[in-house]
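This report concerns only the one structure given below.
Order of the sequence lines fixes the chain letters, A, B, ..., with proteins taken first and strands second; residue numbering starts at 1 for each chain. From a predicted model like this one, the values you see are computed outputs, not experimental measurements.
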Amino acid sequence: MSVPILSFITFLPIIGVFFILSIDSRRSELVRITALLVSIVVFFLSLPLYFHFDARTYDMQFVEKLRWIPSFGINYHVGIDGISLFLILLTTFITPISILASWHITKSVKEYMIAMLVLETAMVGVFIALDLFLFFVFWELMLIPMYLLIGIWGGPRRIYAAIKFFIYTTAGSVFMFLAIIALYFLHHRATGEYTFNLLEFYRLDISFAVQFWLFLAFFIAFAIKVPMFPFHTWLPDAHVEAPTAGSVILAGVLLKMGTYGFVRFCLPLFPEVSHAFIPVISWMAIAGIIYGALVAMVQDDLKKLVAYSSVSHLGFVMLGIFAFNIQGIEGSITQMINHGLSTGALFLIVGMLYERRHTRMIADFGGLTKQIPVFAVFFLIVTLSSIGLPGLNGFVGEFLILVGMFKSRILYASLAATGIILAAVYMLWMFQRVMFQEITHEENRTLKDMNKRELATLIPIVLLIFWIGIYPNSFLRKMDASVNHLLQKVGGKANVVYNAQRQGKLEHLQENTTPKIDIVPESEAEW
Amino acid sequence: MEAYLFYIMAAVSVGAAVYLIFEKNPVHSALYLIMTLISIAVLYILLEAQFIAAVQIIVYAGAIMVLFLFVIMLLNLNVREEIKDVLLFQKIPAIIMGILLFLTICLILKSRFLQGKQGEYTSTYINTIGNTKLIGNLLFTDYLLPFELTSILLFVAAIGVIILAKRKL
Amino acid sequence: MTNVSVMSFNILSILPILTLAGFGIIVLMVDLLSPRRPGDKNFLAYISLIGIVVAAILTKNSTGTALFSFHESFAIDNYSLFFNFIFLLSTGLVILISHNYIKREEINYGEYYALILFSTIGMMLMASGADLLNIYIGLEIMSVSIYILTGFKRSKVTSNEASLKYFLLGAFATGFLLYGISIIYGSTGAINLKEIAGFIAGKGGTVDPLFLMGMGLIIIGLGFKVASVPFHAWVPDVYEGAPTAITAFMSVGPKAAAFAAFFRVFLTAFGSTHYEWQKIIYIIAVLTMTVGNVIALAQTNIKRMLAYSSIAHAGYLLIALVAANNLGVSGVLFYVLAYTFMNIGAFAIVIVLSQKDDTFIQINDYAGLGFKHPFLAIAMTFFLLSMAGVPPMAGFVGKFYIFSAAIKSGYVGLAIIGVINSVISVYYYLRITVIMYMKEPVRDFTSLTLSPLIIAAIVISVIGTLHLGIFPSQVMEIAQQSSLLPR
Amino acid sequence: MVTLTHYLVLSAILFTLGVVGVMIRRNAIIIFMCIELMLNAVNLSFVSFAHFLNSMHGQMFVFFTMTVAAAEAAVGLAIIVAIFRNKETVNIDDMNIMKW
Amino acid sequence: MFNLVVLVLLFPLLGAAINGLIGKRLRKETVGYIACGAIGLAFFVSVLVFCKLLSLPPDGRLFEKQLFSWIESGSFQSALGLQIDPLSTLMILVVTGVGLLIHIYSIGYMHEDKGFHRYFCYLNLFTFSMLLLVLGNNFLLMFVGWEAVGLSSYLLIGFWFEKKSASDAAKKAFIVNRVGDFGFALGIMLVFLTFHSIDFTDVFRSASQGNTAIGSFTVTIITLLLFMGATGKSAQIPLYTWLPDAMEGPTPVSALIHAATMVTAGVYMIARCNVLFLLSPFTMTIVASIGAVTALFAASIGLVQNDIKRVLAYSTISQLGYMFLACGVGAFTAGVFHLMTHAFFKALLFLGSGSVIHALSGEMDIRKMGGLRHHIPVTYKTFLIGTVAIAGIPPFAGFFSKDEILLESLTHGNFLYWSIAAVTSLLTAFYMFRLLFLTFYGESRGDHHVMEHIHESPRNMTIPLIILAGLSAVGGFFGIPGANVIHGFLSPIFGTHGNTEILKAGATVHHSEGNPYLMMVISTVIALAGIFMAYQMYIKRPELPKKLAERFHIIYKILLNKYYVDEIYDILFVKLTKKISVLLWKRVDVQIIDGSVNGIARLIGWLGNVLRLTQTGYVRNYAFYIVIGCICIILFAAFGR
């Protein structure tokens, strides 16, 4: 494809920033509209990615490769496959919605919108980068606008939350940074060529011990980002303090970077160790699912509740990835999108409540359905999507993940499935306390129902929620080739480990066996 | 003879140095330092570095130390330091550290050393040409660059003194 | 008798130095001849800047050569030229930020510029010095100038005190350096770096304890100048007390010069004894990073905080010394250049925001800057993020370079400590942005004076910080060609 | 027979004394004098090395050291004078406005 | 023709969509017409489908309609496919038929309610979901319907959401159902893992071809998990607690969802999976036992309840227990038959009770009723028919189905099952007639204000009652012994997969021979005995119940409080979970995890504050540091090797 469409998508927001810079900061309405228009244009630019995406091949598509820092073999190398496609679309989809949801921001609108657009660039960049150096640059770049969003436009404890967010995430990613450098030299040692090209790294044959440490470094970075239990404590703080749009993007896209990182980097780069880590990560994921749900249940702050529910949901995603089969991974990718949509929408909804009442305490609400029925419908749909009701998006992802995990480890899947019950418990309880029962606070009697702008933010999301729930194949089919290829790559190596572990012989790691798609043979699933 | 002279001068220099650091009166300290400098100059002569010895006495013991004394007088520091020492606790450790440092250096000196390359300037060679002439020669050949650049240093020092010490600029 | 070879005195090779010296004298002369009205000496700054530009052009003319003149005691190679550029750049930037500052602080004397120029000469001599004597002389020219500049606000006790502390400790440390040089001389019979290297090579790379002691003492002397722990203690006090512009200068130029000398001495003269000294530098590097960063966390005065931060950065640079490979050397060149931009930029902001007598230099005074002066705040943010090593700023690429070097040589542990430290450092850099953007203002920012020169300095710094971060490849290639070690 | 070691030990003694003096004295001028003592100790070792190595580098170095010492002495004393003007003391323990 | 079946789904969905989206702007009549029209059309199509099916030979009565592939990933494939066979056709007939009646009834019942359109939207949605549940041709689709009916149930129970008890009940229903769904979902996964497919046809074919050993561990687990789902949806022990609470919803809802259709989904599912269940004797035993115990248990609670709807709710649980008992002993036809008749008479009873409540302006406590038979004669008569039917008096519908279950529990089960069923039958007759007597007979016990406004319900409410009464009266003849139409109709499902051999081979226990006609007499006698007791206690000697209650004080109290199961669950699950959660949050999350994160930060900060004290400002200190450093470095350099 001759048009560098990925670069357009990535850097158009930056161009938008210059537009906004040229606007007088007092004309805040113009600033908002400009930002919105830019992000919408970006979204429409990203649609061709979907339609022109060739689902038959696992090769990277829309590839662009330019020399950037030749002396280190660093290239501006971008491209997408079935795994990243939807995350990019999710990003470009969520951003205009977030901007639309930020209309009420009156403090330094210009700076706010600039931060949003820069954030979009960084987020898209993370998903398209095929050069590890480039990836890391985007990965870190994304922190700054998010940090500012939380810190400047956030709630009362925003500074604490912003700093915690930034440092926690950085603390994880610096190890990844070192691991990337180490990979670089390992590749050089193996081939004599200096490069940060991810696709080249895929071909590396790294010894188990080295893999172990490198995996650990990547793992910490991604696990914090996901966030996996017990690295999750930055998330509730960040969510609670962030402005609505910040929470939406944080939940919608940023957390996905962690899980995406696992799929894109950890698995194919360190297949043997990834495989050896299945129990560890699975247990962490399960702990996250149950723990997140339990803690979410007793929260009295709506945003915190949703934040902990994220921990729970992301646990599912992690579990699916480490199921190491097609159902698990496709389910995880779907679930990443689902979580982006439904949790994003939940934050929007909480934001709307907050705008109206300036409180997020569950106890301050109750009986709202009577007053704001349209709102209630949307809230209900989103809640149900989050619970994983069949027919809505959440179910597709969760079910595939559980099927995938079930195929490899029945026990893990069974434990994780309790999350389904708990999700219903905390979400419905919350819904009941907010929307049902008598109106206990007089302020709630005068609430206004959703206005057009708010409808415009939620309707697209709800449509997608239904679409994915009813016809997920339009998403799943685009992933097939890439996920299969990933599993073949990973499977070829990990299978050996698996068999070796089975036989208690790790020294046979070098043998070659035929790759299988499902790494754990179905017939040998463990209880 | 040489050995005696060495030991005497060494003893004088060390003794004067000890007084220097323990003497309360700055003027006395300065005088003890001059004593040390002179005895070191004698050692220079023993080491066949006549020019250096001369410079030591003229420039160091003469000019520089006079400058010191001049400042001491100027500032009227001819009084003892205040009795109260806020860092009294550091005194003993400092001395211990000093001894330790000395012992360390001695320990290292005890080990095998002096494997350095022998140069061409043997005593006889120096004496035939003359120490001063040799130094002069070297200054304008091998050491031309540092020699010239030292002028900048001195210039800087001059500017500095003016800037810092002149009453009115 | 030595042969007096005219060819050996390659005047061309010291032309930049002579230029600077000449311009220093011109500044003094012009100052003397012009009416003594403080506040009306803009031309002195311009003259100095012209001198720097001329020197830079002359330096550029000799790129690509590898020349050892003055009996092999003065090296003109890409390494020293790269450093010379850094010195000239930092001096130029400092003059830009000084101009308004010294007027405000009423120390607007011609000697100020002259001393800065002279001190630059010292730095260039340190970077080019190929024997220990030249390095020593260069160090002294640089140091003495800076002792004076530190005490330049002579009516201010803080300035006096800083000057005295710096002077006493500097002289003290120089004593150790000299002692080390004398012992190296004693155990090798040479003061020329190449000869020392040759001597060690002749011994098959084995050295005796005396030599090692000399090396250790040199580490102390140079370690003092680069502000490494435990020889760092002067840094915060002196940085705080010195006139802010001079603090900016000190944190970049002399430090870079000391590193230039450090690397040249340890990689050329002591290169084959790498095994012996890497452990010491390793420990010092770890201590330096950690102590610098950890104490910086507790600071409330921005100058002091930047002082500790500068200690920490010295630690990062020492990592490259431990790695002792090509990547490390070019990494240091790159890092120091990046550091020049970001640090002088940060100090420029400090100067803009402070008032006479260095008031308003508490971190809390920055509250609310973000929306009062967005340009200053965003520039400051760039500099701080760059120092914290966040992409796409120059500091990130610099850190990348240095950690790469460490990993390439197998010092993974050191790299890990390094990155942990940079995480710690993120906190205090971020804290300033927090205060700038997220706190309500406690002072009014109406009385800020923004002269064109200082704006130019900030703009140049911002551009440099971003350019080196986003498009580093050109500079990187130059840095890689400037390595001391054979490629 | 006086060997190099003798001179070096003497040099070490003087150096150490200078170091100790810096650490224990409070008068800035005396501290400065102690530093001068250290430099002299170094000079002594330079000269003795030069002598026993049959080399001139040591003597040349001492020559430069003295020059530098002179320059430093001038600047240092100027600084002390400047500070005395402001504080009426040269006790360096009184000079800790800046700390922590 | 069979393609029309899509319409069965589509009409209710459309109805729900129209009412949901624009119903607020429509007039109430229009809303009602749309909703009823949608269901009516669905019913019509169902009838057409049924007729078409009848025209086919029994072995060819299977038709699958694939709409589109739904979730497909690797070897996991789940299509949106509909399956038409006798079982599903029977079910859609019941669902749409009873549903239609209840829709019509609702127009009258809900007329005053503000959420009229919302109500019909939900109701249509429910019908759609239920139809999806029964029509789905694979496990996952069934699960979708399963969850969707749960959702509708949630919405309808919580229809009057302002009432805390209603919203509590809704939540409870959904969550308890989720517990069952958890098992169901795992069961589906295990099915997939075992049979590599989740299509009914494939799975059952594979299972019946003997690929899976009888009584194999896997099948036992699968069926147990599926049964877990069934206990949730069909309110069996231990997951029955939600159903009585669900009576908070509007009464027609209770009739449709919590009596006639949704709660029978569990029975339907087990019937549908009979091939699998028959492979696991252990599970069958469990199913039968749980069914039997639940039947007795719920009936015993029903004896003393005073809320008209709650009595019916416990009765529903009890009747569902019967159905499970039937399934558990392998008598799936009997189960399904009872399902159908139960749908008729229980819907009738609920609607009747609704009519009573309607008449009494919302009064539900039977102690405050009495003597209503003259005021609301239609309701009374239909209610009487329903009561007689449930009590099992021939020739009403309940008699035949219940009798068949009793017979089967003896022939295929054992005496214990039969005796429990028999006792339950006695209790059922008793408490139903107690209800009847207290409500319609005797003196009026309510306050006068209410009594003055008593009125018979409007026509659109009474007509459904009459129709249902008719069905309750004659519905049983479909399964009359000897000419058992139902049996023949359903035999392709329960008889053609070769499971009879399996049944003979191992699934059932020893046969105890019983004479069907003797059994009929016995069960009739039992029912009559119950009625007699009720008559004695509530008509003849109204003071007797009180005495008995005092006499058996403890038992009475336990029964009245439903064996304290809710309280036990509350302590065991709700309170404990909340406690653990709070512990996890306050202690583990905030103090341990976040505490350690912040602790590290604080430690470093503290270190900074300590280390900065080394920076004393004294030059001599600094010199001291240099000297220490110097000594260390020299020593290390020279001797550090």
Side-chain angles (χ1 to χ4, degrees), chain C residues 131-134 136-137 139-141 143-145 147-148 150-151 154-183 185-192 195 210 217 236-241 295 298-301 303-304, chain D residues 4 8 11-12 15 18-19 22-23 28 31-32 34-50 52-58 60-65 67-69 71-76 78-87 90 92 94-100:
Chain C
D131 73 1
L132 292 169
L133 179 58
N134 273 344
Y136 172 66
I137 298 287
L139 183 107
E140 283 300 331
I141 295 175
S143 305
V144 169
S145 310
Y147 298 150
I148 300 162
T150 306
R154 48 187 209 140
S155 56
K156 288 283 163 299
V157 184
T158 48
S159 182
N160 296 147
E161 182 182 321
S163 176
L164 183 67
K165 277 180 177 170
Y166 190 21
F167 171 74
L168 286 178
L169 289 167
F172 187 60
T174 312
F176 285 95
L177 175 69
L178 266 182
Y179 200 27
I181 292 174
S182 86
I183 283 168
Y185 166 62
S187 54
T188 63
I191 54 169
N192 187 295
E195 286 177 36
L210 190 69
L217 290 165
D237 296 3
V238 175
Y239 278 26
E240 188 186 344
I295 304 187
Q299 298 305 317
T300 53
N301 179 314
K303 277 170 87 177
R304 243 184 133 71
Chain D
L4 176 57
L8 290 184
S11 153
F15 188 83
V19 169
V22 171
M23 286 190 288
I31 288 176
F32 192 17
C34 291
I35 291 171
E36 294 293 343
L37 182 62
M38 286 164 66
L39 293 182
N40 269 283
V42 174
N43 285 350
L44 180 61
S45 76
F46 260 123
V47 175
S48 44
F49 274 129
F52 288 93
L53 284 171
N54 293 335
S55 156
M56 279 304 281
H57 292 310
M60 298 311 294
F61 218 113
V62 170
F63 175 81
F64 285 106
T65 314
T67 321
V68 170
E72 271 194 352
V75 172
I79 291 170
I80 291 172
V81 168
I83 205 164
F84 188 82
R85 289 227 179 95
N86 284 332
K87 289 197 83 159
V90 290
I92 58 160
D94 291 342
M95 291 160 206
N96 70 337
I97 305 170
M98 292 167 295
K99 56 190 167 196
W100 300 323

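Between C/Y185 and D/S55, the side chains place a donor N or O and an acceptor N or O closer than 3.5 Å (distance only, hydrogens not considered).
Side-chain contact check for D/I31 versus C/F172: every heavy-atom pair is 4.5 Å or farther apart. The side-chain heavy atoms of D/K87 and C/N160, taken from C-beta on, include no pair separated by under 4.5 Å. Contact check for C/S187 versus D/F49: no side-chain heavy atoms found under the 4.5 Å cut-off. You'll find the side chain of D/I80 stays beyond 4.5 Å of the side chain of C/F167, heavy atoms only.
With respect to chain D, the highest number of heavy-atom pairs below 4.5 Å among C/N192, C/N301, C/I295, C/V157 belongs to C/V157. Options D/I92, D/N54, D/V68 differ in how many heavy-atom pairs under 4.5 Å they form with chain C, and the most are formed by D/V68. Counting heavy-atom pairs closer than 4.5 Å to chain C, the top residue among D/V62, D/V22, D/I83 is D/I83. Of the listed residues C/V144, C/T150, C/I191, C/I183, the one with more heavy-atom pairs under 4.5 angstrom with chain D than any other is C/I191. In terms of non-hydrogen atom pairs under 4.5 Å with chain D, the most contact-rich of C/T158, C/D131, C/I141 is C/T158.
For C/A298, no part sits under 4.5 Å from any heavy atom of chain D, backbone or side chain. In this structure, no portion of D/A74 lies under 4.5 Å from any heavy atom of chain C. Contacts between C/K156 and chain D at a heavy-atom distance below 4.5 Å involve the backbone alone (N, CA, C, O). Only the side chain of C/I137 comes within contact range of chain D, with heavy atoms under 4.5 Å apart. Of the two parts of D/A82, the backbone and the side chain both hold a non-hydrogen atom closer than 4.5 Å to a non-hydrogen atom of chain C. With a 4.5 angstrom heavy-atom cutoff, D/M38 touches chain C only via side-chain atoms. Both the backbone and the side chain of D/A50 come within contact range of chain C, with heavy atoms under 4.5 Å apart.
Between the side chain of C/K165 and the backbone N or O of D/M98, at least one donor-acceptor pair lies under 3.5 Å. In this structure a side-chain-to-backbone donor-acceptor pair under 3.5 Å is present from C/E161 to D/I97. Between the side chain of C/R304 and the backbone N or O of D/K99 there is at least one donor-acceptor pair closer than 3.5 Å.
Distance check, rounded to the nearest 0.5 Å: OG1 of C/T174 to CG of D/L39 gives 8.0 Å. Between the CZ atom of D/F64 and the CG atom of C/L133 there is a distance of 5.5 Å, given to the nearest 0.5 Å. Taken from OG in C/S143 to CD in D/E72, the straight-line distance is 7.5 Å, to the nearest 0.5 Å. Going from atom CG of C/L168 over to atom CD1 of D/I79 covers 8.0 Å, rounded to the nearest 0.5 Å.
D/A28 and C/L164 get closest at one heavy-atom pair: CB-CD2, 4.2 Å. Closest of all the heavy-atom pairs between C/Y136 and D/T65 is OH-CG2, 3.9 Å. Across all their heavy atoms, C/S182 and D/V42 have their closest contact at CB-CG1, 4.2 Å.
Taking the six-membered ring for Trp and the full ring otherwise, the centers of C/F176 and D/F15 sit less than 6.0 Å from each other.
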- Could you walk me through whether C/Y179 and D/S11 pass the side chain to side chain contact (heavy atoms under 4.5 Å, CB included) check? CA-CA 10 Å; C/Y179 200 27; D/S11 153; 3.8 Å; yes
